[in-house]
Amino acid sequence: MTDYFQGNFPLQSVPLTKSVLRNPTQIEEASGKLAAMIAVAASDRKAGDILLLRVADVSYLADYFVMMTGYSRVQVRAIAQAIEAKVETELQRRPLRTEGKAEGSWVLQDYGEVIVHIMMPKEREFYNLEAFWIHAERISLPESDEGGGKPT
């Protein structure tokens with residue numbers, strides 16, 4: 001297990017939330033709905049600090065990045081599996097590419113218009129992707145603020 005919990009690493013370089021997603025149907029475009037669905041699936045597996053970044057205006061790589069924290073390698077893999085199962089069941093889609101599942105410290109799932117990063121706390125703190133994509137619109141989920149995932 002790790003001694004980390006979702007509140008122990010600073011994200012001062014991240015701007016204040018620009019918008020809050022109250023309901024996944026609030027997003028109109030298909031890529032936004034996919035990103036919201038991924039966030040819900042991650043939340044169901046108790047992922048922490050779930051963050052949606054709308055990068056369409058600042059990058060051609062994707063429309064959205066979805067970032068989250070898993071507090072053990074097993075949880076990181078379980079979150080990845082839950083996301084794949086939900087998207088495949090509801091949208092009949094599988095990721096174009098998945099990396100890092102064997103190691104379990106950082107899993108990347110590429111759905112084309114949505115890229116998912118599931119990271120352990122050390123990796124999330126070290127790479128600080130939120131700061132790298134500082135110009136992207138940040139959309140937070142209310143249920144991700146309650147977070148959890150780290151067993152007591």
Shortest non-hydrogen contact between [X] and [Y], atoms and distance:
X   : Y    : answer
V76 : M120 : CG2-SD, 3.9 Å
S31 : V114 : O-CG2, 3.4 Å
A42 : M68  : CB-SD, 3.3 Å
A82 : A41  : O-CB, 4.0 Å
I79 : T69  : CD1-O, 4.2 Å
A36 : L52  : N-CD2, 4.2 Å

Item checked: Pairs touching residues 31-53 that satisfy ring pair (Phe, Tyr, Trp, His ring centres under 6.0 Å), sequence neighbours left out ->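 Those involving residues 31-53 do not exist here.
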
How long is the gap from [atom1] on [X] to [atom2] on [Y], to the nearest 0.5 Å?
X    : Y    : atom1 : atom2 : value
Q109 : I38  : CD    : CD1   : 7.0 Å
Y64  : L34  : OH    : CG    : 10.5 Å
E113 : D110 : CD    : CG    : 9.0 Å

Pairs under 3.5 angstrom only: tabulate donor-acceptor contacts from the side chains of residues 96-108 to other protein residues two or more places apart or in another chain.
unit_1: K101; atom_1: NZ; unit_2: E84; atom_2: OE1; d: 3.4
unit_1: K101; atom_1: NZ; unit_2: E84; atom_2: OE2; d: 3.1
unit_1: W106; atom_1: NE1; unit_2: H117; atom_2: ND1; d: 3.2

Check: Quick one: do L91 and V66 end up in the same hydrophobic cluster if we chain Ile, Leu, Val, Met, Phe, Trp and Tyr together by side-chain heavy atoms under 4.5 Å apart?
Finding: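 Same cluster.
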
Checklist line | V55/Y60 under side chain to side chain contact (heavy atoms under 4.5 Å, CB included): CA gap, chis, key distance, verdict | finding: CA-CA 8 Å; V55 295; Y60 63 87; over 6 Å; no

Margin query: If the condition is side-chain hydrogen bond (donor to acceptor under 3.5 Å, both in side chains), which residues does Q81 pass it with, not counting sequence neighbours?
Written below: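 For Q81, no residue satisfies side-chain hydrogen bond (donor to acceptor under 3.5 Å, both in side chains) once neighbours in sequence are set aside.
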
Item checked: Those residues that, when tested against R77, pass side-chain hydrogen bond (donor to acceptor under 3.5 Å, both in side chains) (two or more places apart) ->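 Partners of R77 under the side-chain hydrogen bond (donor to acceptor under 3.5 Å, both in side chains) test: none.
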
Any side-chain heavy-atom pair from [X] and [Y] closer than 4.5 angstrom?
X    : Y   : value
R138 : L51 : yes
Q75  : R45 : no
M37  : V87 : yes

Next item on the list: Decide yes or no on side chain to side chain contact (heavy atoms under 4.5 Å, CB included) for I83 and I118, but give the supporting numbers first.
Entry: CA-CA 10 Å; I83 290 168; I118 311 163; 4.0 Å; yes

Item checked: Heavy-atom donor-acceptor pair, E90 side chain to K86 backbone, under 3.5 Å ->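 Side chain of E90 to backbone of K86: no pair is present.
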
Notebook entry, point to check: Are the side chain of T89 and the backbone of A85 linked by a donor-acceptor contact shorter than 3.5 Å?
Noted result: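 Yes: the side chain of T89 pairs with the backbone of A85.
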
Checklist line | Check against side chain to side chain contact (heavy atoms under 4.5 Å, CB included), L129 and M67 | finding: CA-CA 9 Å; L129 295 179; M67 297 178 209; 3.8 Å; yes

Next item on the list: Have a look at F65 and tell me which of Y111, F132, W133 forms a ring pair (Phe, Tyr, Trp, His ring centres under 6.0 Å) with it.
Entry: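 It is W133; the other options fail the test.
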
Checklist line | Residues which pass side chain to side chain contact (heavy atoms under 4.5 Å, CB included) with A56, listed by chain and number, not counting sequence neighbours | finding: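 Per chain and number, A56 pairs via side chain to side chain contact (heavy atoms under 4.5 Å, CB included) with R54, D63.
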
Check: Which residue pairs pass the salt bridge (charged side-chain N to carboxylate O under 4.0 Å, His left out) test with at least one member in residues 67-76, sequence neighbours excluded?
Finding: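 Listed once each, the pairs would be none.
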
